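To keep things clear, I will list the structure first and then write my remarks on it.
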2 protein chains.
Amino acid sequence: MPKAESKPSEELILNAAVKVFTRKGYAGARMEEIAKEAGINRALLHYYFRDKETMFNIIFETKFKEFFTGLFGVFQSNASFTEKIRSIIDHEITVLSKHPDLARFVIMEIAQQPDRLVQFGQKLGLNPRLMLENFQKEILQNVEEGKIRPIDGRQLLMNIISICIYPFVAKPIIKTMMQMDENTFMDLMEKRKKEAYEFIINAITP
Amino acid sequence: MPKAESKPSEELILNAAVKVFTRKGYAGARMEEIAKEAGINRALLHYYFRDKETMFNIIFETKFKEFFTGLFGVFQSNASFTEKIRSIIDHEITVLSKHPDLARFVIMEIAQQPDRLVQFGQKLGLNPRLMLENFQKEILQNVEEGKIRPIDGRQLLMNIISICIYPFVAKPIIKTMMQMDENTFMDLMEKRKKEAYEFIINAITP
DNA sequence: GTCTATAGGCGGATAGAC
DNA sequence: GTCTATCCGCCTATAGAC
């Protein structure tokens, strides 16, 4: 709890805001808490950012990008099919390990207001349709070549994403139920990169 | 929007409260909205249930039970290992198809206040430790018998649960990205019971 | 039981001194 | 830029009439 920083710049405030918004969500976040977290006064928040919503949108855009762009990048690369799967898993688990509340935050706020997905997706130039079509084509091609079992591309994509993301979304539940501390959980996630990959490859290999 | 019901009983209010709380979460829910949804006055909410928190706790307990008990029941049965997996998948997807916001709601509110998991878990007499130990033992036994590949029980359990639950948690994202309407999504989930089972069985079969 | 009216407090936002 | 003081509206909760 920094008491009297020399320069409580935008940066400092934003960091505090990220913490509070991602933990509490828009509805649960309090300007007072953000100010306290940044070690400054409430009024100063309004000096730098007009209001709560403006602040939220800036943070949400950042987090939205963090959550989605890497994924899209992988799909657009021209690595082999299995290498793509490995990259997705690696990327997702790495990113979510670094940003504990990222997935839960983005999912929740989109659930609250689904048009944010369209709005921010367009703003960042993401094209889910194209991404998905390419992935489907690639699966179909691999199926025809007999490299993987026949499978609905949507189901496979959901499986991969679920396996990577869900443990972080449900982290508080999993930690308690499996009686793990933070380090044990992070260890398990690190190992999961390899284990999840093998699990999925086994599942789709004929 | 029912205007003048004959008997706006507890039941009617609770149903309205369930809708609002599960959609908006505790922080985002408004007593006014619940009253409107039930077609009655705000004051009446306080007549039947003392305050917002009391109301929330009643609903959360119900939803908590819905979310967890079936799962525990399956684990405690003495079906075969693969039958247990099938039951879990069937049960989870069936329940979550009926209660669209259940998983997101329970996960979010536990993330907001993790001790609710302990508190309500004890109240309902759930024993995650025992459940988990039994499952681990069963996996180990199956591995030794050469029936399934060697795998960390915690990872396998996470995989199964993730595959079942995540699509519902991220439903608003998935629907938009895959351009599905409600019916298409529900169809996909129904098919998923079979597809997820095969996927997992393939993954663990040597 | 169900309503209207209103108390009471919290939280977001602004004015203005320094 | 950063603070204190304060306004104002929203939301929970209660009082009290019917």
Side-chain angles (χ1 to χ4, degrees), chain A residues 1-63 101 105 108-109 112-113 116, chain B residues 1-63 101 105 108-109 112-113 116:
Chain A
M1 204 185 297
K3 199 184 169 186
E5 288 298 319
S6 52
K7 285 203 174 180
S9 60
E10 261 182 58
E11 194 72 12
L12 182 64
I13 294 174
L14 271 185
N15 287 338
V18 165
K19 273 191 198 163
V20 175
F21 274 125
T22 54
R23 278 205 284 251
K24 305 289 182 69
Y26 182 82
R30 295 288 168 262
M31 297 297 268
E32 171 61 31
E33 200 184 343
I34 296 173
K36 199 178 143 203
E37 177 76 37
I40 54 150
N41 194 278
R42 242 176 303 138
L44 208 55
L45 301 180
H46 294 282
Y47 173 78
Y48 280 103
F49 310 90
R50 193 164 309 280
D51 53 25
K52 190 183 177 184
E53 209 188 329
T54 305
M55 218 172 179
F56 174 83
N57 280 328
I58 292 169
I59 286 160
F60 184 75
E61 186 175 335
T62 314
K63 292 295 158 184
D101 299 313
F105 173 65
M108 288 306 131
E109 295 302 334
Q112 283 310 312
Q113 219 170 295
R116 290 205 258 241
Chain B
M1 205 184 296
K3 198 183 170 186
E5 288 298 318
S6 51
K7 285 203 175 180
S9 59
E10 263 181 56
E11 195 72 11
L12 181 64
I13 295 174
L14 271 185
N15 286 338
V18 165
K19 273 191 198 162
V20 176
F21 275 125
T22 54
R23 278 204 284 251
K24 304 289 182 71
Y26 182 83
R30 295 288 168 263
M31 297 298 268
E32 171 60 30
E33 200 184 343
I34 296 173
K36 198 178 143 204
E37 177 77 37
I40 54 151
N41 194 276
R42 244 176 301 138
L44 208 54
L45 301 180
H46 294 282
Y47 173 79
Y48 279 105
F49 310 90
R50 192 163 311 280
D51 53 25
K52 189 182 177 183
E53 210 190 329
T54 305
M55 218 170 178
F56 174 83
N57 280 328
I58 292 169
I59 287 160
F60 184 75
E61 186 176 335
T62 314
K63 292 295 159 184
D101 299 312
F105 172 66
M108 288 307 131
E109 295 301 333
Q112 284 309 314
Q113 218 171 295
R116 292 206 256 240

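So you know, we letter chains A, B, ... as the sequences are listed, proteins then strands, and number each from 1. A quick note: this is a predicted structure, and the numbers were derived from the prediction, not measured.
- Atom CG of Asp51(A) is separated from atom P of dC10(D) by 15 Å (rounded to the nearest Å).
- No engagement by Ala35(A) is indicated, since no non-hydrogen atom pair under 4.0 Å with the nucleic acid exists.
- Between the CG atom of Leu44(A) and the C1' atom of dT2(D) there is a distance of 6 Å, rounded to whole Å.
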Evaluate side chain to side chain contact (heavy atoms under 4.5 Å, CB included) for Glu10(A) paired with Phe49(A), printing each intermediate quantity in order.
CA-CA 9 Å; Glu10(A) 261 182 58; Phe49(A) 310 90; 3.9 Å; yes
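- For the pair Leu45(A) CG and dG11(C) P, the computed distance is 14 Å after rounding to whole Å.
- In this structure, the side chains of Asp101(B) and Lys63(B) stay at 4.5 Å or more apart for every pair of heavy atoms.
- Within residues 17-25 of chain B, no residue has any heavy atom closer than 4.0 Å to DNA chain C.
- Arg30(B) places its CZ atom 13 Å from the C1' atom of dG9(D), with the value rounded to the nearest Å.
- Here the nucleotide nearest the side chain of Ile40(B), chosen from dT12(D), dC3(C), dC3(D), is dC3(C).
- At a threshold of 4.5 Å between non-hydrogen side-chain atoms, the residues Arg30(A) and Lys52(A) count as touching.
- Remark on the helix from dG1(C)-dC18(D) to dC18(C)-dG1(D): inter-end axis angle 10°, axes from five-pair C1' superpositions, rounded to 10°.
- For Asn41(A), counting side-chain heavy atoms from C-beta on, the closest listed nucleotide (dC3(D), dT12(D), dT4(C)) is dC3(D).
- When rounded to the nearest whole Å, the span between CZ of Phe56(A) and P of dA13(C) equals 14 Å.
- Between Tyr48(A) and the phosphate of dT2(D), there is a side-chain N or O to OP1/OP2 separation shorter than 4.0 Å.
- Taking the six-membered ring wherever Trp is involved, the centroid distance between the rings of Phe21(A) and Phe105(A) does not fall below 6.0 Å.
- Put simply, the residue from Arg42(A), Lys19(A), Lys24(A) that forms a salt bridge (Lys or Arg N to Asp or Glu O under 4.0 Å) with Glu33(A) is Lys24(A).
- In this structure, Glu11(A) places its CD atom 17 Å from C1' of dG1(D), rounding to the nearest Å.
- With dT2(C), dA13(C), dT14(D) as the candidates, the nucleotide lying closest to the side chain of Tyr47(B) is dT2(C).
- Here the P atom of nucleotide dA5(D) and the NE2 atom of His46(A) are 17 Å apart, to the nearest Å.
- Residues Ile13(A) and Met55(A) are in side-chain contact: their nearest non-hydrogen atoms beyond the backbone lie under 4.5 Å apart.
- When side chains are defined from C-beta on, Phe60(A) does not count as touching Glu53(A), because their heavy atoms never get closer than 4.5 Å.
- Under the 4.5 Å side-chain criterion, counting only non-hydrogen atoms from C-beta, Tyr48(B) is in contact with Leu44(B).
- One can place CZ of Phe49(A) at 13 Å from P of dA13(C), the figure rounded to the nearest angstrom.
- Across dT14(C), dA13(C), dT12(D), the shortest atom-to-atom separation from the side chain of Arg42(B) is found for dT12(D).
- Inspection of the Asn57(B) and Thr54(B) side chains reveals no N or O donor paired with an N or O acceptor under 3.5 Å.
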